[in-house]
Structure formats: structure tokens, C-alpha cells
Colleague: 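Below is one structure. I have some questions about it.
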Protein chains: 2
Amino acid sequence: MHLIRRATLADVARKTGLNASTVSRALSRPERVNDETRRRVEQVAAELGYSPNIMARNLSRGVINTILVMAPNFADQALLPVFTDVLLGICNEAEAQGFNVMIQHHSASTIPPEDVVKVLNGGMISGVILMATDHWKAVPEIGSGTQPPPIVSIMVDMTHLGLTSVVAQEAEGFSEMVDYLVRRGYMSFAYVSGPKGATHEKIRCRSVMTQLTTHGLGDRLIRLEGGPFDMASGARAAKAYLALHERPRAVICSSDALAVGFMHGIIAAGLSVPEDVAIVGYDGLDYSAFVTPTLTTMSQPSTEIGRSAMRSLADLILGQASTAQLIALRPKLLVRDSA
Amino acid sequence: MHLIRRATLADVARKTGLNASTVSRALSRPERVNDETRRRVEQVAAELGYSPNIMARNLSRGVINTILVMAPNFADQALLPVFTDVLLGICNEAEAQGFNVMIQHHSASTIPPEDVVKVLNGGMISGVILMATDHWKAVPEIGSGTQPPPIVSIMVDMTHLGLTSVVAQEAEGFSEMVDYLVRRGYMSFAYVSGPKGATHEKIRCRSVMTQLTTHGLGDRLIRLEGGPFDMASGARAAKAYLALHERPRAVICSSDALAVGFMHGIIAAGLSVPEDVAIVGYDGLDYSAFVTPTLTTMSQPSTEIGRSAMRSLADLILGQASTAQLIALRPKLLVRDSA
DNA sequence: GTGAAAGCGCTAACAC
DNA sequence: GTGTTAGCGCTTTCAC
């Protein structure tokens, strides 16, 4: 576990015959040092392959500028496609704001509060972005300050715990989806569910039921067990669908992955989409536009969610924000060929 | 940029009336401390919400156990699907070995050696896994030791620079693909290329040409410009294909994403797969099994690559390995419906 | 403009 | 079993 012995500031100081503090200055505030000195330091540093120990620097400065994205394990993937889209927004914004981003994958499907606290206390991280993490009862105390903890939740509303949250308006999205299908004349529905117990899942399912009820179609809904947000689960749901006595004409899937898997199962069985079954997904992943038929879906502004979360986190860290706010972004219906 | 003031070891020491070193011991080696003492420390620590500052600990111990995965930007995605598969293997193995994993996304398509050196010198990271990074001329000096640098390259062979590398046998994979198609009786071919200049791309393209030549079919190959490994590029290539005077009957795509995009373009134009055009991909991504028709592809052992890389890196860090080795894993042909 | 000294929070000898 | 001391590599007053 030992590291190779690297050049330290002291090494450079020794070799230049200067004092460590001078070398330090020469490197971090070149203007406050003699030109000649600066050049000498730079040269020796290069010779020695010196670059500063970040930990020591942070420890000394009491300041850090790295944020950590904590991602749970869903469907046994290190990172769901949606997450990588979100990540892109986070990384872009972070770069603009001068923060480094680290990502940490967790093997559990929800990130324990203690882990977050540990990370924050650890001193290497100035803020945390939580991906799709639910079931928190409370945010454990962090430090002794009265400042809000530098934690932003993505995809799940945690404002009741005092955490700024950036989410998609999933309920609205699914309602809109239902409206769209009803408008197109569909009268019987199936809903392919996501992972049991997940907050997303509850929101989505309820939204579909409620909106259908609004249309007086509350009893025309069949719920099909999907499972983790992956294609295999969708295909399994298709089997269940095909076994139904009366098959609903419109199927709403809790995610694009489920929808693609479902659609594949349907087509493989010889039915056609959308003639026999209309299918809609949710997420707006890139592949939804390249399956055949193309998938009608609600596109989440994933990258924008990431960007927005990072911006909020930066405000929190820099002390420019003090109350938890909910930022809810509207998904957008992409009408394509499957429904 | 300032952190909330947290409880430190000193705080706990003060409140318990014990010495800092005792508290430290109580926390990290409970058995070497009086039972009564331990309990008191634990209680106060809990009260104060104390958890150790990792940086200070590492600085003091001179030891770290975090490895960093550096991932380049391809096709403007934070992480290609293949990378997330690899990541899963890395994370699993790291967990087993007691390492933490951090991931860092870079906005460039290849990671500059200096960045890696900086990270390693930074002192927070004990080793680096490089994802699909090419065009390195040399590995800059790291530290003064004669030990090999704790860097493992994934997907690209960097053994000539002294870096242990874990790769897929891409050339063999593409040759096998060609053999398969020839065996099935195809006589005319197109190759949809990946990003220009990428090492992968060169290897794959050359392998296809060479193997076709071996079969005396060297002049029956048309190269179609694909571009970044994404579906939109595949769809564009399909347009180019459709504009051809003589359309090859078999199309080899440099990646699954390209293949799915290409297939979509072909089907949208009213042709059928595989009757009119046979299509094969490379990667073995999950969606390749759920498009219609299902995609024949070479499945890379992505997760295994990740696991293997992490294992090698651990050996390097623990000083149990000293020479750069090449670990090449064989991809596997998945015959499905598209060819 | 540069050096001396103190200290960031922790751990690891070394005494007692 | 516990306290004392020194030190990890760096930055930052504060003198000069």
C-alpha cells in the first residue's frame, strides 16, 4: 500500500537552496517572488518531477474544491444510462465553476446517510450530489454549523429533509403521457412498473392511475410487474402481457429500457407496434430514437438536471444559498412511431 | 469555498479529558485501549458527530487506498455504455480488495499524461486506471522509484510504455466476424468506421481488411465513414450506404451503437435485415439483444476486463508485480438474427 | 523579496 | 493502558 517516494516541496527547497515557503510562493503566487527565483524554482521542480501533494495543501489551506457524485447500483449496472447523461451536465458545470468531480459507485441501491456524512467529514470533498437516493429518514448532523449541508439530491425530492433537490416533473410527465394516449383514442391500458419500492416507481404509477381516473378510465388499467430498469425486465413483462386474456391496447412503461425490452418481446411474438399495441417509454435515452419502430417517450432534461444540481451545490458551498429549494424540470413529450 | 467547522480529534480529546493519541487509538485500534475508555470515546465521538479527516489520516500514515478511473469523453457522453460495464468489474474487484474507487471524467478524448502524473503526485490516489486512452508518447517520470508506475491501461495496449494493459482481442474478434460472414456466403462487404484516428478504429479496420484479403475478398470492401461511437453516426452511415450504386450485402460496424443506428436507417428505408443487408456489431451491449431484429455482435468481456485491470493495479500498488504485462481477453461471437 | 515558525488533523514511535 | 513528542507536506502569518 506504500507509495513511491516523490519529490516534496522540501526537496525542491533543498536543491534550490531556498526556503520552503519561498518555493511554495513561487509556485502558487509567482508574482510575489523575484523573477530569477521563480525561474530557478520552476526549473528544479520540473527536474525533480515535483507536483504538490493535494492533501497536504488542502489540509493546510482548510479548503477543498472537489465534489463527489454518489451513485447507487440499479439493475446491476455501474451507472444507468440516465445517470451518465446527468453526469455530463454535472461535469460541464463543475468545470465552468472550477470544481473537480469525482464519482463513487455504491453497490447498494440507496446510499446510506452515514456514508455521505463520512465523506463530507473526510475532508476531501466539499459537497455531494446524491443520485436517485431515497428512503432517507433524516440528514445526520454535519459539522456544527447552522449552514445547510452541502448536499444536493438529484431525481428525488429531499427538500423535506432540508436538502436542495433537482428533479424531473415525473408525475406531470406521466399524466401528460396518459392525456396523449387518451387523446389518441386508446381506452385500455397497461403499466409496466419499475423496481418495487422505489420512489420513482410510486410517483409514476400513481400518476398514471390518477390521470386515468380523471379521464374516467380508472378501471381500464392493468399493472404489469417490470422490475429493475432494464430491458430484460421489459421483455419479461411482455410475456406476461401476451398471456393476458384481454390485452390493453396501450402500454405505458416506467422507463425507456423497459419499453424497448417490452417492445422487442411484443414484436418477436408477431404483433405489431403501434397497430396492435401502442407503447410509450420515459427518459428519452438516445436509443429510443433508433429502435424500430422509434419509441414515443417523455424526454427528461437529464443533462440540464445535472447542470442545475451542480450550480446549486456550488452556491451552497460558496455560502451563496441558505435554504433548500426544489428545482423541478419539465420533461418533454417526444411523439414518435410507437404510439 | 470554506468548510463547515467539524469536530476534530482534538475536540473529542478535550471533551473526554483524554489525550489525542488515546482517542486516535480508541477509534482505530479499539483492542489496544481500556474498555471503559473506548466506550467513553465512542460516545463523545457520536455526540460530536465526529469522523476522522481522511486527508489528515492519509498524510500522517503516508498511505492511501483510493484508485482513480480516468475516463475520456467519447461521442459527448460522460461515459460510454461499454465503460460503465467495465466500471462494474472495477468496482466489484476494488471492493473485494479494500480499495475505494473514484471516477474522473475528462472533457478531452484522450487523457494527457501530465494529468495522470499530477493525480498520482497529488497524494490522494494510489493508482490509476486509464480508460481507452491512446496517443501517449511516453510515461512521464513518477516519483524517483524504480517501481513501475501504478497505472493500468484498459482497452488500449500501452505495454510498450511499460504500462500493464488489459484489452480485448479486437483484431481477432473482427477477423472471426469476417470468417463468420464469409462462411455464411457473403461476398461483398462494407465497414462502418468509428472515430477517425482512434487506435481501436485502426485495429478494427485493418483486421477486417486483412482477413478479407486472406479470403481473397480484399477488393470487395467499401469503407463507410461512421464517426463517434454513437447511433446517430450509424444512421448517417446508413444514408451513405443507401446512396451506393452497388450495395454490399454484409455490413460490419465498428461498434454496437453504430450498428443499431445503421440498422435503423436501413429498415426505415424499407430494406430488410438480414435478407437485404446483414449487419454485425461489436461490444455486446445489452440493447443489442433487444433491437429488432436482434443484433449479431462480438461480445466483449467488459466486466471481466474491469475486474482484471483492478486486480493488476492492486498487485502493482501492493508491490506484488513488477513488469508490465498484457492481458488480452477474447471476445465472443453472439450469433443472432441480423446476420 | 525572503526566511523562520506555527499549524492544518492525524498517527506512530517512544516513554512512563 | 495512556501521555508525550515528532512529523506527514504544505501554506501562511509575521518578521526582517
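Chain identifiers are assigned alphabetically (A, B, ...) following the order of the sequence lines, protein sequences preceding nucleic acid strands; residue numbering begins at 1 within each chain.
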Colleague: Does B/Leu18 or B/Ala56 map to a spot on DNA chain D nearer the 5' end, using the closest nucleotide for each?
Modeller: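 Here B/Leu18 is the residue nearer the 5' end.
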Colleague: Let me check something: any side-chain donor-acceptor pairs from residues 70-81 of chain A under 3.5 Å, sequence neighbours excluded? List them with distances.
Modeller:
residue	atom	partner	partner atom	Å
A/Asn73	OD1	A/Asp76	N	3.1

Colleague: Taking only residues two or more places apart in sequence, or in another chain, which ones meet B/Thr159 in a side chain to side chain donor-acceptor pair (under 3.5 Å)?
Modeller: B/Asp157
Colleague: Write down the distance between CE (A/Met55) and P (C/dG7), rounded to a whole number of angstrom.
Modeller: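 Going from CE in A/Met55 over to P in C/dG7 covers 22 Å.
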Colleague: What is the distance, rounded to the nearest whole Å, between atom CG of B/Leu27 and atom C1' of C/dG9?
Modeller: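 Whole-Å distance recorded here is 13 Å.
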Colleague: Rounded to the nearest angstrom, tell me the gap between atom CG in B/Asn53 and atom C1' in C/dG9.
Modeller: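 Roughly 6 Å, once rounded to whole Å.
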Colleague: Just verifying a value: how many Å separate A/Ile317 CD1 and A/Ile151 CD1, rounded to the nearest 0.5 Å?
Modeller: 11.0 Å
Colleague: Using a heavy-atom cut-off of 4.0 Å to chain B, what are the terminal contacting nucleotides of DNA chain D, in 5' to 3' order?
Modeller: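 It runs D/dG1 to D/dG9.
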Colleague: Please name all residues satisfying side chain to side chain donor-acceptor pair (under 3.5 Å) with A/Arg57, sequence neighbours left out, ordered by chain then number.
Modeller: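 For A/Arg57, no residue satisfies side chain to side chain donor-acceptor pair (under 3.5 Å) once neighbours in sequence are set aside.
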Colleague: With rounding to the nearest 0.5 angstrom, report the CG to CG distance, A/Leu318 to A/Leu313.
Modeller: 9.0 Å
Colleague: I need the CG-P distance between A/Leu9 and C/dC8, as an integer number of Å.
Modeller: 19 Å
Colleague: Can you find a pair of side-chain heavy atoms, one from A/Ile64 and one from B/Met55, that are under 4.5 Å apart?
Modeller: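 Yes. Closest side-chain heavy atoms under 4.5 Å.
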Colleague: Nearest whole Å is fine: how far is C/dT11 C1' from B/Ile54 CD1?
Modeller: 13 Å
Colleague: Which residues pass the side-chain contact (heavy atoms from CB on, under 4.5 Å) test with B/Ala46, not counting sequence neighbours?
Modeller: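 Residues passing side-chain contact (heavy atoms from CB on, under 4.5 Å) with B/Ala46: none at all.
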Colleague: Side chain to side chain contact (heavy atoms under 4.5 Å, CB included) between B/Ile103 and B/Leu87: does it pass, once the steps are laid out?
Modeller: CA-CA 9 Å; B/Ile103 305 146; B/Leu87 214 45; 3.6 Å; yes
Colleague: What does the list of N/O pairs under 3.5 Å between the protein and nucleotides 12-14 of chain C look like, with a distance for each?
Modeller:
none

